[in-house]
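In the text below, chain A, chain B and the rest are named by the order of the sequence lines, each starting its count at 1. Computation of the quantities below employed the complete heavy-atom set of this structure, encompassing side-chain atoms and omitting hydrogens, waters and symmetry-equivalent molecules.
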Amino acid sequence: MSEAPKVFTLKQVLSSIKKTLEQRYSSTYWVKAEMHKLNLSKKGHCYPELLEKQDGRIVAEIRGMIWQTNFDRINKRFIQTVKEPLKDDMTLLLLVKITYSETFGLSLNIIDVDPNYSLGELQKERQETLKRLQKEGLINRNQQLGFPILPKRIAVISAESSKGLSDFIQVIENNSWGYQFFTMLFPALLQGDNASDSISAQLERIKRVKNHFDMVVIVRGGGGEVGLSCYNNYELCKNIASFPLPILTGIGHSTNLTVAEMVAFRNAITPTELGDFLIQAFHNFSVPVKDAVKRLKVSVSNITSEVKLHLTNESKLFRSAAKQMLAENKQIIHANVKGLENNFKFLLLNHKMMIRKNEQGVYRSARELLSNEQNELEKLQDALPSKTNTQLISEQHKINVLAQSIRLMDPINVLNRGYSITLLNGKTIGEKNTVKKGDKIQTKTATFSVESEVVKTENNNE
Amino acid sequence: MSKEIKYTEAFDELQQIVVDIEDGEITVDELSVKVKRASELIKICKEKLSATEEDVNLILKELEE
Amino acid sequence: MSKEIKYTEAFDELQQIVVDIEDGEITVDELSVKVKRASELIKICKEKLSATEEDVNLILKELEE
Amino acid sequence: MSKEIKYTEAFDELQQIVVDIEDGEITVDELSVKVKRASELIKICKEKLSATEEDVNLILKELEE
Amino acid sequence: MSKEIKYTEAFDELQQIVVDIEDGEITVDELSVKVKRASELIKICKEKLSATEEDVNLILKELEE
Amino acid sequence: MSKEIKYTEAFDELQQIVVDIEDGEITVDELSVKVKRASELIKICKEKLSATEEDVNLILKELEE
Amino acid sequence: MSKEIKYTEAFDELQQIVVDIEDGEITVDELSVKVKRASELIKICKEKLSATEEDVNLILKELEE
């Protein structure tokens with residue numbers, strides 16, 4: 001410490017730091033950071049606070065700076081892409097240059113902001129809301145409600161000054177058909193960070209008097225495309241999805257549908273369109289009622305003409321059936337007359353033929369009988385001579401036989417053969433007429449008769 | 001009497017005579033008489049048949065007129 | 001008398017004579033007499049038969065006329 | 001009497017006569033009588049048939065008019 | 001009586017007569033009577049038919065007016 | 001009574017009568033009565049139809065005004 | 001009752017009646033009644049289109065409770 005220490009002025013030191021930092025960090029860098037507060041100054045410059053949090057605790061913090069010229073360009077492009085202005089509490093992707101000023105110290109000079117990164121972040125929120133509602137089964141809840149056939153009583157959530165509201169009222173109240181709507185306004189913020197709470201609060205009120213209403217409409221108009229990310233808010237979307245009355249939205253923008261619009265009963269792009277839709281609903285009710293008279297007239301006339309035709313046909317049928325029946329009966333009677341005539345003629349003819357047959361039968365059989373008798377008689381007549389002759393011949397024969405016998409037995413015939421008969425006293429000799437010696441006997445032959453005396457007798461049997 | 005005999009009786013008697021002759025139940029002594037009777041009966045029958053035939057023809061002729 | 005005897009009687013007597021002779025119940029002494037009688041009877045029968053035949057033929061001829 | 005006999009009876013009797021004659025159940029003695037009767041019956045039947053025919057034709061003619 | 005008989009009865013009786021005659025179940029003796037009856041029945045039926053026809057035509061004419 | 005019958009009943013009854021006549025289930029004896037009834041029914045139907053038509057047209061006309 | 005019927009029900013009933021009549025499912029007997037009923041329902045529906053019943057003050061009062 002012999003020499004006195006070198007003393008620098010603050011400016012010398014800070015200038016050296018500035019020089020060192022500028023040499024060391026000469027290029028620009030893309031940095032991801034949360035913009036806690038934008039801190040827009042009256043001159044148009046911004047001095048945002050940039051942070052990084054881990055588990056809710058700040059682990060890095062630095063001051064940012066956007067020059068007015070840069071801010072105008074950046075904000076314009078951001079709104080164009082993200083449909084939201086740069087605002088507090090956004091995580092952004094920033095193009096920065098590290099700057100050091102001897103008077104302001106260290107800060108990040110924000111040269112540009114990537115709007116696409118932010119858009120992605122917003123869409124992430126939208127996706128998360130959708131996913132959650134889906135998971136909780138709420139996504140179609142409102143759409144599943146029955147829509148009133150006549151949506152007359154309407155709770156309107158809008159801002160009193162909203163052009164959307166006046167457009168909507170204009171459409172439904174000045175309709176030329178005399179349709180009567182009942183509307184009641186429940187005023188609320190329609191865009192920006194507070195909109196979701198404001199709308200939710202009004203929905204809560206409407207719920208208390210829901211019996212007086214058929215439906216709820218949320219209309220917004222003239223607000224442009226910016227500031228609608230509130231309609232992706234989970235709480236609001238959940239309230240809409242689970243609301244007991246149908247909710248119709250007419251928020252009036254042309255970008256992607258917000259989740260609120262998706263879960264609502266129906267979304268119309270503009271309030272006018274929504275009004276037209278309601279008028280159409282009235283038409284849908286009114287037209288069939290009006291048509292009913294026409295349709296009734298047509299169908300009644302159809303029915304009556306059809307029934308008349310039926311009746312006429314039936315009466316024609318009846319007439320022809322009655323006439324045909326009479327004609328048929330006449331024909332049957334006529335057929336019976338013919339039948340009677342034919343049968344009678346046939347019967348008579350039959351009888352005539354039978355009589356004729358009998359007549360011929362008498363003649364023929366009488367003839368036959370007579371001729372038979374004649375035959376029999378002739379047979380007998382023929383038999384008579386032959387039978388008589390036969391008998392006579394047979395008698396003749398018998399006589400002849402007897403005559404033959406007699407001829408054979410005539411003693412003359414014996415004698416003719418040389419035999420003779422010896423007689424004693426005129427009788428043949430036998431045991432009763434025995435011959436003794438000296439008896440005179442006669443011997444007869446065929447031609448002679450001799451007398452002799454017996455000389456000797458001898459018995460032939462001994 | 002022969003006029004009053006019926007055809008049937010005459011025919012039967014005639015037939016009997018023929019049968020008797022055939023059977024030799026008639027003696028030669030009776031034969032002439034029996035044949036004579038048969039001859040008479042035949043005449044009677046023939047006459048009756050003729051008469052009946054005429055009768056019938058007449059009746060039937062009338063019918064046809 | 002012989003004219004009045006009937007054919008049947010004549011025939012029967014004739015037949016009796018034949019039977020008697022055949023049976024030898026007639027002696028030689030009677031035989032001639034019997035044969036004579038038989039001859040007579042035969043004659044009678046034949047005559048009767050002829051007469052009857054003529055008679056019958058006459059009757060039947062008449063019938064056929 | 002013949003006027004009072006019915007056609008059916010007359011016809012039946014007629015037919016019986018024809019059958020009897022055909023079957024030879026009628027003697028020559030009866031034949032004339034039976035044929036005569038048959039002839040009467042035939043006349044009766046024919047008359048009845050004619051009368052009926054006229055009658056009926058008249059009735060039927062009336063009907064057609 | 002004939003005026004009080006119904007068409008159906010008259011018709012049935014008529015048809016029965018026609019059938020009976022066809023089947024030969026009516027004798028010649030009954031024939032005239034039956035045909036006469038049939039003729040009456042036919043007249044009755046025709047009259048009834050005519051009367052009905054007039055009736056019907058009248059009613060149908062009224063209907064058309 | 002006829003005034004209290006409904007159109008449908010009247011028409012059905014009419015139709016039944018026509019069917020019965022067509023099917024031959026109505027005798028000639030009944031025909032007049034049935035035809036009369038049918039005629040009444042046709043009249044009733046016509047009246048009912050006219051009355052209904054007038055009624056309905058009146059109501060519909062009122063509605064259009 | 002007709003005043004108390006809800007217009008939704010009225011609308012549905014009307015539509016049903018129209019369809020029924022168009023489909024010809026209504027008899028002549030029912031036609032008048034149905035058309036009359038349709039006419040009532042049409043009136044109810046028409047009134048509903050042009051009438052207002054709610055009261056803002058009443059609702060506000062209820063909200064404050």
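- To the nearest 0.5 Å, atom OG of residue S32(D) and atom CD of residue E54(B) are 10.5 Å apart.
- When the heavy atoms of residues 13-25 of chain D are compared with those of chain B, none of the residues falls under 4.5 Å.
- Residue D29(D) comes nearest to Y7(B) through the heavy atom pair OD1-N, 2.9 Å, listed as atom of the first residue, atom of the second, then distance.
- Taking chain D as the reference chain and counting heavy-atom pairs below 4.5 Å, the highest number among L49(B), D55(B), T52(B) is found for T52(B).
- Heavy-atom contacts from other residues, nucleotides or ligands closer than 6.0 Å to NZ of K36(D) number 12 or fewer.
- The line from CD of E40(D) to CD1 of I59(B) is 9.0 Å long, rounded to the nearest 0.5 Å.
- When the shell of 6.0 Å around NZ of K6(D) is examined, it contains 12 or fewer heavy atoms from other residues, nucleotides or ligands.
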